[in-house]
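These notes are about the structure you will find just below.
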Amino acid sequence: MGREGGGASGRGRCVAGPGACRRRPPVAGLGGLGLWLQCLFPQPGMADSAQAQKLVYLVTGGCGFLGEHVVRMLLQQEPQLRELRIFDLHLGPWLEELKTGPVQVTAIQGDVTQAHEVAAAVAGAHVVIHTAGLVDVFGKTSPETIHEVNVQGTRNVIEACVQTGTRFLVYTSSMEVVGPNIKGQPFYRGNENTPYEAVHRHPYPCSKALAEQLVLEANGRKVLGGLPLVTCALRPTGIYGEGHQIMRDFYHQGLRLGGRLFRAIPASVEHGRVYVGNVAWMHVLVARELQHRAALMGGQVYFCYDNSPYKSYEDFNMEFLGPCGLRLVGTRPLLPYWLLLFLAALNVLLQWLLRPLLLYAPLLNPYTLAMANTTFTVSTDKARRHFGYEPLFSWEESRTRTIRWVQAVEGSAQ
Ligand SMILES: NC(=O)c1ccc[n+]([C@@H]2O[C@H](COP(=O)([O-])OP(=O)(O)OC[C@H]3O[C@@H](n4cnc5c(N)ncnc54)[C@H](O)[C@@H]3O)[C@@H](O)[C@H]2O)c1
Ligand SMILES: CC(C)CCC[C@@H](C)[C@H]1CC[C@H]2[C@@H]3[C@H](O)C=C4C[C@@H](O)CC[C@]4(C)[C@H]3CC[C@]12C
């Protein structure tokens, strides 16, 4: 981290990996030499036709909450896209509608823990956006499985890039790679260089930290063909927007409680949030600019940010749930913190006792309580400086879109 400054631009050169050159039809009559010349000196006119749609992207986890937004954003905003591969354990039916567009959409059902499946999907791709992961802070999955998917899965993606000659890898990391830490120390509007004691105990942040480290260390490794791998990691804070399962859960919980939610966290605790459309846009931009600014961006981490307001987790949710008819009761937490902590610990015990019979995984546990109860917000412009990022969606638009989505959830629940 912390390495900043100007970097050489690879713009205009054959920067998209050996596959890019291999894939274009050779210049007639010149055979292999033509192929070379074409890579070195693109012909006039190619920029707008053949060259415009030349790249193959792979999105792992492309059917998840964030992954779907990345997929749709790529199709809307990436003119260089020729083929989009979507790799996921569970493929969504909505993929079908994408297959009628001008870009070839290839759905691949696969498991990131299976190295051969990953290698087959990666082969021939120019860019990999690795969002697949097990997001579990509720104890639904074993720590071993979280490690297997998040760490070994990432290792498999890296090795596949190296073996098949894919040069650009974007990894979806998380704010939790930094914190909040188990000491509950605030991270108040920090940036990528803010010192913070990152201490991980919970399997999910541990796995994200290890995986991020693997990705950053892989930057510069030689891939098949001899060119260097260029990697970077994006660290979203808590993502919200259309498709956010936890928002849906809070909404339904509020409906069950007669249209009320009860404040558990002091309003003064700030929790970083970022709109899913802007996180997706950052992925698209990073993937694009990594190809031109490898020296500057390779091996870097970027927090994901936008203009969403700094609020407590609950007050922020009310920005959407309020207009949908829910009310947050209390200006201060209704239960004292020690009692919440006791209930959180009780939930852990219940989870353990009930495990042989059923999966008991409530929202409240000591880790989620610590997350919600510790200030963690970012304030940075590193993404703007390095790759020209500006949020695509204003706060008002992000809010409106999310409210509309919650209202649609409500409609479909009736
Ligand atoms: N949701 C957030 O607030 C948030 C914040 C920061 C970072 N992230 C990161 O963003 C990424 C996406 O998170 P999300 O919220 O969209 O989660 P999600 O669960 O909605 O999506 C993850 C996707 O990965 C797929 N997947 C899981 N295991 C797989 C496997 N073994 N092989 C192939 N695919 C597999 C799932 O099927 C799913 O479609 C994750 O890496 C997560 O750590 C999420
Ligand atoms: C006191 C309780 C009732 C409130 C519980 C809220 C809790 C479920 C919320 C609070 C903070 C949320 C996490 C935070 O937004 C950031 C991330 C990072 C990401 O990598 C995965 C999701 C996660 C952990 C959110 C999960 C839900 C949390 C813990």
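Everything numeric in this text was worked out from a predicted model, so none of it was measured. All ligand and atom numbering here is 1-based and tracks the order in the structure. Count residues from 1 along the sequence.
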Top protein contact for [atom], by heavy-atom distance:
| atom | value |
| --- | --- |
| atom 2 (C) of ligand 2 | L364 CD1, 4.1 Å |
| atom 24 (C) of ligand 2 | E176 OE1, 3.1 Å |
| atom 16 (O) of ligand 1 | L66 N, 2.8 Å |
| atom 22 (C) of ligand 2 | V135 CG1, 4.0 Å |
| atom 4 (C) of ligand 2 | A372 CB, 4.2 Å |
| atom 7 (C) of ligand 2 | T368 CB, 4.0 Å |
| atom 11 (C) of ligand 1 | T131 O, 3.1 Å |
| atom 8 (C) of ligand 2 | F138 CE2, 4.0 Å |
| atom 12 (C) of ligand 2 | Y313 CE1, 3.8 Å |
| atom 21 (O) of ligand 1 | G64 CA, 3.4 Å |
| atom 20 (O) of ligand 2 | Y204 OH, 2.6 Å |
| atom 36 (C) of ligand 1 | D88 OD1, 3.4 Å |

Are [X] and ligand 1 in contact, using a heavy-atom cut-off of under 4.0 Å?
| X | answer |
| --- | --- |
| T60 | no |
| G110 | yes |
| C63 | yes |

Answer with yes or no after comparing the ring centroid distance for [X] and [Y] against a 6.0 Å cut-off, counting only values under it.
| X | Y | answer |
| --- | --- | --- |
| H386 | Y302 | yes |
| Y240 | F316 | yes |
| F320 | Y251 | no |
| H126 | F168 | no |
| F387 | W281 | no |

Numbered atoms of ligand 1 (with element) below 4.0 Å of [X], judged on heavy atoms:
| X | result |
| --- | --- |
| T172 | 9 (C), 10 (O), 11 (C), 41 (O) |
| D111 | 30 (C), 31 (N), 32 (N) |
| S173 | 6 (C), 7 (C), 8 (N), 9 (C) |
| V135 | 13 (O), 17 (O), 40 (C), 42 (C), 43 (O) |
| T237 | 5 (C), 6 (C) |
| Y204 | 8 (N), 42 (C), 43 (O) |
| V149 | 28 (N), 31 (N) |
| H90 | 37 (O) |

Can you tell me how far the [atom1] atom of [X] sits from the [atom2] atom of [Y], to the nearest 0.5 Å?
| X | Y | atom1 | atom2 | value |
| --- | --- | --- | --- | --- |
| L55 | L84 | CG | CG | 11.5 Å |
| L354 | L358 | CG | CG | 5.0 Å |
| Q76 | L81 | CD | CG | 12.0 Å |
| N317 | C324 | CG | SG | 11.5 Å |

- Name the one of V59, V112, V122, V157 that satisfies side-chain contact (heavy atoms from CB on, under 4.5 Å) with F87?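 Among V59, V112, V122, V157, the one meeting side-chain contact (heavy atoms from CB on, under 4.5 Å) with F87 is V112.
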May I ask you to decide whether [X] forms a salt bridge with [Y], counting only side-chain N to carboxylate O separations under 4.0 Å?
| X | Y | result |
| --- | --- | --- |
| R72 | E68 | yes |
| E96 | K99 | yes |
| R235 | E192 | no |

- Task: Decide whether an N or O pair under 3.5 Å exists between T113 and ligand 1.
- Result: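 So ligand 1 has no N or O lying under 3.5 Å from an N or O of T113.
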- Heteroatom distance test (F65, ligand 1): nitrogen or oxygen, under 3.5 angstrom: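 Yes, F65 has an N/O under 3.5 Å of an N/O on ligand 1.
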- Item | Main-chain N/O of G272 paired with T377 side-chain donor or acceptor, under 3.5 Å |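 Not at all, since once roles are kept as given, no pair shorter than 3.5 Å links the two residues.
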- Is a side-chain N or O of T375 found less than 3.5 angstrom from the main chain of P186, in a donor-acceptor match?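 Flag not set: sc T375 to bb P186 has no pair under 3.5 Å.
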Out of [options], who gets a non-hydrogen atom closest to [atom]?
| atom | options | result |
| --- | --- | --- |
| atom 2 (C) of ligand 1 | I246, V279, V112, I239 | I239 |
| atom 29 (C) of ligand 1 | L89, L91, T145 | L89 |
| atom 27 (C) of ligand 1 | P236, G133, P205, G243 | G133 |

- Should the heavy atoms of other residues, nucleotides or ligands under 6.0 Å from CH2 of W352 be counted, would the total exceed 12?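 Incorrect, the count does not exceed 12.
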- Task: Determine whether more than 12 heavy atoms belonging to other residues, nucleotides or ligands lie under 6.0 Å from atom OH of Y337.
- Result: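 Yes, enclosed.
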- Task: Measure N373 to ligand 2 on non-hydrogen atoms and call it side chain, backbone, both or neither using the 4.0 Å cut-off.
- Result: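 Neither part.
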- Heavy-atom contacts under 4.0 Å between H271 and ligand 2: side chain, backbone, both, or neither?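 Near ligand 2, H271 shows its side chain, while the N, CA, C and O stay back.
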Enumerated ligand 2 atoms positioned under 4.0 Å from heavy atoms of [X]:
| X | answer |
| --- | --- |
| I246 | 26 (C), 27 (C) |
| G238 | 15 (O), 16 (C) |
| S174 | 18 (C), 19 (C), 20 (O) |

- Test side-chain hydrogen bond (donor to acceptor under 3.5 Å, both in side chains) on Y305 and D381 and set out the steps. CA-CA 9 Å; Y305 57 89; D381 65 350; over 6 Å; no
- Quick one: does ligand 1 sit under 4.0 Å from the side chain of K208, the backbone, both or neither, non-hydrogen atoms only?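 Answer for K208: side chain.
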- Query: Do R189's NZ or CZ and the ring of Y310 fall within the cation-pi criteria of under 6.0 Å and 45°?
  - Reply: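 Positive - R189 is close enough to the ring of Y310 and near enough to its axis.
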- Message: Strictly less than 4.0 Å: does any protein heavy-atom distance to atom 17 (C) of ligand 2 fall in that range?
- Response: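 Given the 4.0 Å cut-off, atom 17 (C) of ligand 2 counts as touching protein heavy atoms.
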- Item | Check against side-chain hydrogen bond (donor to acceptor under 3.5 Å, both in side chains), Q245 and D249 | CA-CA 6 Å; Q245 183 58 44; D249 294 346; 2.9 Å; yes
- Query: Would you say Y367 contacts ligand 2, with heavy atoms under 4.0 Å as the rule?
  - Reply: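 Y367: no contact with ligand 2 (<4.0 Å).
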